[in-house]
Amino acid sequence: MDDRNGMIKTALGTTDIIICATSSTLPLFPSSWVRDDTHVILIGSYKPEMREVDRDLILRSLRGTLLVDSREACLREAGEILDARVQPEQMTEIGESLPKGVDEHFDLQVYFRKPSTAAPDRPQREFDGPVTVFKSVGIAVQDVVIASSIVEMAYSLGGRIGTTVSEYDL
């Protein structure tokens, strides 16, 4: 394994969140590099021939959570979902999982009151446990807003979270 792949494997094996926003037709990394309980956000691929991650990672999400912006759109456009032969009932639409307060209306504060479930650092190894995946084939502006919000939140925490993999997209 070359130095660049080794660096990427190490980063993926120790991170809590991975955001992919590419138009790749080949998986960017193998599922085995992604630590158990990691949350993966896939917002770049939007055609049946595109795949940001491999089939195995999508199948791992079925043991965790596979969250989508639209079941119908993902079953038509998301190459990763199509490749893994995911069925509609195996996906959760994002609106179905929004936090609700005592009045059953959307309440983002419910989410922020939840205790942290960040997994402890573990030695690097091959992984095959559950992960959570959010797959969106939505409009580009939606993708940019989601990715920017997450990066902004990471920066607002003073560099305590996140890893920048420099020159990954060269």
Kindly give the heavy-atom pair with the smallest separation between [X] and [Y], and that separation in Å.
X	Y	value
D69	C74	OD1-SG, 3.7 Å
G64	P130	N-CB, 3.9 Å
V34	R60	O-NH2, 2.9 Å

Can you list everything that forms a side-chain contact (heavy atoms from CB on, under 4.5 Å) with [X]? Sequence neighbours excluded, please.
X	value
I41	I17, I19, H39, I43, F134, I150
D2	R4, N5
P88	R71, L75

[X] versus [Y]: any side-chain heavy-atom pair under 4.5 Å?
X	Y	answer
L28	C20	yes
M50	T22	no
L42	I58	yes
V133	E80	no
T132	L67	no
S45	K135	yes
V53	S31	no

Just to verify, what does [X] make a side-chain hydrogen bond (donor to acceptor under 3.5 Å, both in side chains) with, not counting sequence neighbours?
X	result
T15	none
D54	none
T38	none
S70	none

Contacts of R76 meeting salt bridge (charged side-chain N to carboxylate O under 4.0 Å, His left out) (sequence neighbours excluded), chain-then-number -> E72
Result for side chain to side chain contact (heavy atoms under 4.5 Å, CB included) between Q90 and one of L59, L62, I81 points to L62
Rounding to 0.5 Å, atoms CG (L12) and CZ (F29) come to a distance of 5.5 Å
So salt bridge (Lys or Arg N to Asp or Glu O under 4.0 Å) across residues 38-52, not counting sequence neighbours, yields R51-D83
